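Encoded as structure tokens, the structure appears first; notes follow it.
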Amino acid sequence: MKITSARLIICSPGRNFVTLKIETDEGLTGLGDATLNGRELSVASYLQDHVLPCLIGRDAHRIEDIWQYLYRGAYWRRGPVTMTAIAAVDMALWDIKAKAAGLPLYQLLGGRSREGVMVYTHANGSDIAHTVDEVLKAKAEGYRAIRAQCGVPGLDKVYGVGKGGHYEPADASLPSEHDWDTAKYLRHTPKAFEAFREALGPDIHLLHDVHHRLTPNEAAQLGRALEPCQLFWMEDPTPAENQAAFRLIREKTTTPIAVGEVFNSIWDCKQLIEEQLIDYIRTTVLHAGGITHLRRIADLASLYQVRTGCHGATDLSPISMGAALHFDTWVPNFGIQEYMHHSPQTLDVFPHDYHFKDGFLHCGEKPGHGVELDEKLAAKYPYQRAYLPVNRLQRDGAMWDW
Ligand code: KDG
Ligand code: MG
């Protein structure tokens, strides 16, 4: 089955998405997500100018060979732009192969390991009382796992808080600026989680995202302070370029740790996994080289009792969500899947087969990954430049970590 065309559709139904459509001489088509938040056009150019011309005429069934050709053959390996571009090709080819087989994608990976995919949603409040309301709302909607983020007294703007459950992370045409003060955050967060746990009772999982804002020692302090609240995980406690830094956190707290939404290859998490410095790996089908590479990361993780917890924010298109849900339905060492709701416009542009029920997402049984693109509707939403905010220290305005 020969690839006859490969083209990009860039649209902004509530936020920007880059989609790759691959067509074949047998009439089968496949879709891949190529969205890299705030850097969308870089991936589009990498694909358009350097990758897509090399695909024409290749056998669409040779997924592994095409993956190796784009990774090993390119000389310049890894990095978010490269690996997102490879992921888009990989996702589209798995979609085609599964359609050719007439099977939902999870069947090609090895079949169903579970009846549904446990997901966590977001609850974000401006203060403790508001966040308690949001957490209880999520529980009432049927979620078994909830990520809580709460405003910090004395900090005006903190990423992702005060906006209820549903918000768009890339919120401006130039990066907006947020404040940070570690001491205020460390004083407030344990009190907030005590209130959330008290309101929820013991049976609902609670998660928290630190967004890389702490040093390893500060992260250890937070992890210890949160131990009585029994978190499912503490996410991205410190920047992870230096994987050995996680030893300092691990030695001092039993709060489980999740890392990896910004990772793009197995090399970013090799030491974290092999030394069992984390409990959950958050790499995705999108930013870490597609299903082909994510499967290698998950297999390595399974040797060390590390489970998956794929990133699933709104800047990953419904195509990534569909592909991730097929992966989650199969992967033996599954932990949890993030589920941040897309806007209604996005959901209209990407008709999909997955659905939510009682705290679980179900990938559906249509052949392929089960997500389509309404190109006519997409054309009504042209690209609009948008950025994630940046973060500065309140004390002196110095740039701080994401
Ligand atoms: O592109 C960045 C967002 O996806 C990220 O800020 C969301 O941290 C995030 C999360 O855990 O979903
Ligand atoms: Mg995160």
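Order of appearance sets the numbers: ligands from 1, and atoms from 1 within every ligand. These numbers were taken from a predicted model, which means no experiment stands behind them.
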Open item on the list: Under 4.0 Å, counting heavy atoms only: does Arg147 come that close to any atom of ligand 1?
Closed with: yes
TODO: Please work out whether any backbone atom (N, CA, C, O) or any side-chain heavy atom from C-beta onward of Glu338 is under 4.0 Å from ligand 1, and answer side chain, backbone, both or neither.
DONE: side chain
Open item on the list: Using a strict cut-off of 2.8 Å, how many protein N/O/S atoms surround the Mg ion (ligand 2)?
Closed with: 3
- [ ] In plain terms, say whether Asp315 and Arg15 are close enough for a salt bridge, that is, a side-chain N and a carboxylate O under 4.0 Å apart.
- [x] no
TODO: Compute the ring centroids of Tyr354 and His352, then answer whether they are less than 6.0 Å apart.
DONE: yes
Open item on the list: Do the side chains of Glu23 and Arg7 get close enough for a salt bridge, i.e. N-O under 4.0 angstrom?
Closed with: yes
Task: Salt-bridge criterion met for Glu275 and Arg250 (N-O under 4.0 Å) - done: no
TODO: Distance to 0.1 Å, residue and atom name: give those for the protein heavy atom nearest to atom 8 (O) of ligand 1.
DONE: Glu261 OE2, 2.8 Å
Open item on the list: Testing the 3.5 Å rule here: is there a donor-acceptor pair between the side chains of Tyr69 and Arg62?
Closed with: no
- [ ] Check ligand 1 against Leu388 and write out every atom of the ligand that is under 4.0 Å from a heavy-atom position of the residue.
- [x] 1 (O), 2 (C)
Task: Pair Lys137 + Glu134: basic N to acidic O under 4.0 Å - done: yes
Task: Residues Glu218 and Arg213 bridged, charged N to O under 4.0 Å - done: no
- [ ] Quick one: look at Asp236 and ligand 1, take heavy-atom pairs under 4.0 Å, and tell me if it's side chain, backbone, both or neither.
- [x] neither
Task: Matching residue for Tyr120 among Trp233, Phe232, Tyr143 - test: ring-ring contact (aromatic ring centres under 6.0 Å, His included) - done: Trp233
- [ ] Check each atom of ligand 1 against the heavy atoms of Glu235 and keep those under 4.0 Å away; list them by number with element.
- [x] 11 (O)
Open item on the list: List ligand 1 atoms under 4.0 Å from Asp209, heavy atoms only on the residue side.
Closed with: 8 (O), 9 (C), 10 (C), 11 (O)
Open item on the list: Aromatic contact between Trp94 and His369, with the criterion being ring centroids under 6.0 Å apart: yes or no?
Closed with: no
Task: Protein contact of atom 4 (O) of ligand 1 - nearest heavy atom, named by residue and atom, plus distance - done: Asp315 OD1, 2.7 Å
Open item on the list: Can a side-chain donor-acceptor contact be found between Glu64 and Thr292 if the only test is distance below 3.5 angstrom?
Closed with: no
Task: Ion pair check, Lys99 and Asp95, cut-off under 4.0 Å - done: yes
Task: Residue, atom name and distance, where the atom is the protein heavy atom closest to atom 6 (O) of ligand 1 - done: Tyr159 OH, 2.8 Å
TODO: Examine Asn37 against ligand 1 and note whether any of their N/O atoms are separated by less than 3.5 Å.
DONE: yes
